[in-house]
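Counting starts at 1 for both ligands and their atoms, following the listed order.
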Amino acid sequence: MPELPEVEIARRNLERWFKGHRIVRAEADATRVFRGAELARFTRLTGRVETLERKGKYLLLTLEGGHGLMAHLGMTGKFVRREEGEPVSHSRARFHLEDGHVVHFSDPRLFGRLEPVAAKALWDLPAVKALGRDPLTEGLTGPQLEEAVGDSKQDLKVALMDQGRVAGLGNIHAAEALFRAGLHPARKPGTLTPDDWKHLARAIHAAFDFAFKEQEGEDITYLEEPGSANRFRVYGRAKGPCSKCGTPVESFTQGGRTTHFCPKCQPLSMVPSRVSRKGPAAGKGTAPAVASTKPRSRRR
Ligand SMILES: [Zn+2]
């Protein structure tokens with residue numbers, strides 16, 4: 001399922017494909033990717049693409065003439081470029097370019113979304129306005145991450161996936177970042193130290209960088225698609241050996257989604273890291289309370 005890195009790869013592809021090539025015709029089928037939006041409005045998306053921005057998992061295009069498009073890839077949506085006349089499965093909308101290519105929005109499961117609106121209204125769309133900080137375009141340091149997520153009472157992984165706090169993290173990259181940072185997904189944000197936030201912010205950037213390195217290209221294959229290899233460190237590896245320590249990776253359900261983690265590299269107790277940092281002579285009263293010893297709803 002596309003998250004920030006996959007949407008950013010789509011943005012870079014679209015930018016390259018549209019650069020110097022005007023859209024001569026835009027057409028789409030009446031599918032639910034348009035939700036309540038006016039389908040006829042999509043056909044006005046012609047001419048030169050002026051800007052192509054992204055916030056979180058949302059793509060925002062503006063074209064000459066003041067037309068705009070908000071695009072969300074949903075679970076299985078992707079933009080693909082083919083020669084004119086070449087068929088594309090599950091193509092829902094098409095931009096015909098003057099260079100003889102067609103850029104298709106392909107989406108088998110139709111959870112994606114296309115919303116043609118006036119260019120000046122794009123950033124005021126409620127879905128876009130509700131988004132929190134984008135780690136790539138707005139930066140994300142330890143203190144900024146703590147400010148965005150620290151007051152959440154939810155489990156850390158669930159809070160990281162709250163698009164109103166940090167925009168762009170989903171089930172895969174939240175799990176990957178927590179694994180890289182050595183933090184248990186069920187930790188409560190209020191229990192993290194400044195160092196934990198710093199490590200987690202760095203881990204988010206590292207998880208994104210890894211995803212760019214592995215997936216950048218014209219034709220992306222999502223993990224859920226048949227034949228795709230799992231290149232991630234912990235996501236989707238339940239019962240397999242942890243890539244760092246060999247301990248079997250565990251999984252449990254969290255916020256309705258399956259979470260993967262290594263019980264050894266990501267201990268739920270926060271005591272060991274505190275002790276090693278401050279030393280045993282940190283004094284009475286400084287030892288933090290130990291959090292509950294198991295995730296609240298382990299997967300059966
Ligand atoms: Zn491990």
Side-chain angles (χ1 to χ4, degrees), residues 1 3-6 135 140 142 145-146 149-150 152 154-161 166 168-215 222-224 228-280 287-300:
M1 198 185 297
E3 299 179 22
L4 185 150
E6 294 74 30
L140 188 70
L145 182 59
E146 180 175 10
V149 179
S152 171
Q154 292 183 296
D155 286 359
L156 184 54
K157 174 164 168 278
V158 177
L160 286 175
M161 290 169 60
V166 177
L169 282 166
N171 204 33
I172 296 176
H173 295 300
E176 292 291 296
L178 288 166
F179 174 74
R180 285 169 183 269
L183 293 169
H184 194 288
R187 284 278 298 269
K188 293 299 176 191
T191 69
L192 270 65
T193 66
D195 269 359
D196 288 335
W197 290 113
K198 191 172 80 184
H199 293 146
L200 184 53
R202 283 186 187 159
I204 289 170
H205 290 295
F208 287 168
D209 287 345
F210 177 80
F212 287 132
K213 193 162 72 67
E214 290 291 315
Q215 303 180 109
Y222 300 139
L223 190 55
E224 297 80 4
S228 76
N230 182 3
R231 294 161 293 228
F232 298 109
R233 297 264 178 101
V234 73
Y235 178 83
R237 298 200 178 278
K239 295 181 182 148
C242 166
S243 57
K244 282 187 204 163
C245 75
T247 302
V249 168
E250 293 185 8
S251 67
F252 65 105
T253 305
Q254 204 178 19
R257 309 288 298 276
T258 301
T259 292
H260 299 95
F261 73 106
C262 170
K264 193 174 171 198
C265 297
Q266 298 168 267
L268 186 55
S269 161
M270 68 193 107
V271 172
S273 62
R274 276 278 174 95
V275 169
S276 65
R277 199 171 299 126
K278 289 189 173 177
V290 179
S292 71
T293 54
K294 61 176 182 178
R296 58 185 176 180
S297 57
R298 195 173 289 271
R299 194 187 187 195
R300 292 201 177 89

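Side-chain polar atoms of Glu6 and His173 form a donor-acceptor pair below 3.5 angstrom.
Note that Lys244 lies in the cation-pi zone of Phe179, set by a 6.0 Å cut-off to the ring centre and a 45° limit from the axis.
No donor-acceptor distance shorter than 3.5 angstrom exists from the side chain of Gln266 to the backbone of Gly182, with no hydrogens or angles considered. Proximity of a side-chain donor or acceptor of Arg187 to a complementary backbone N or O of Thr191 within less than 3.5 Å is detected. A donor-acceptor pair under 3.5 Å links the side-chain atoms of Glu3 to the main chain of Ile172, judged by distance alone.
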Legend entry - Trace of the side-chain contact (heavy atoms from CB on, under 4.5 Å) decision for Phe232 with Leu223: CA-CA 9 Å; Phe232 298 109; Leu223 190 55; 3.8 Å; yes
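Note on the Zn ion (ligand 1): protein N, O or S atoms under 2.8 Å away count 4, no waters included.
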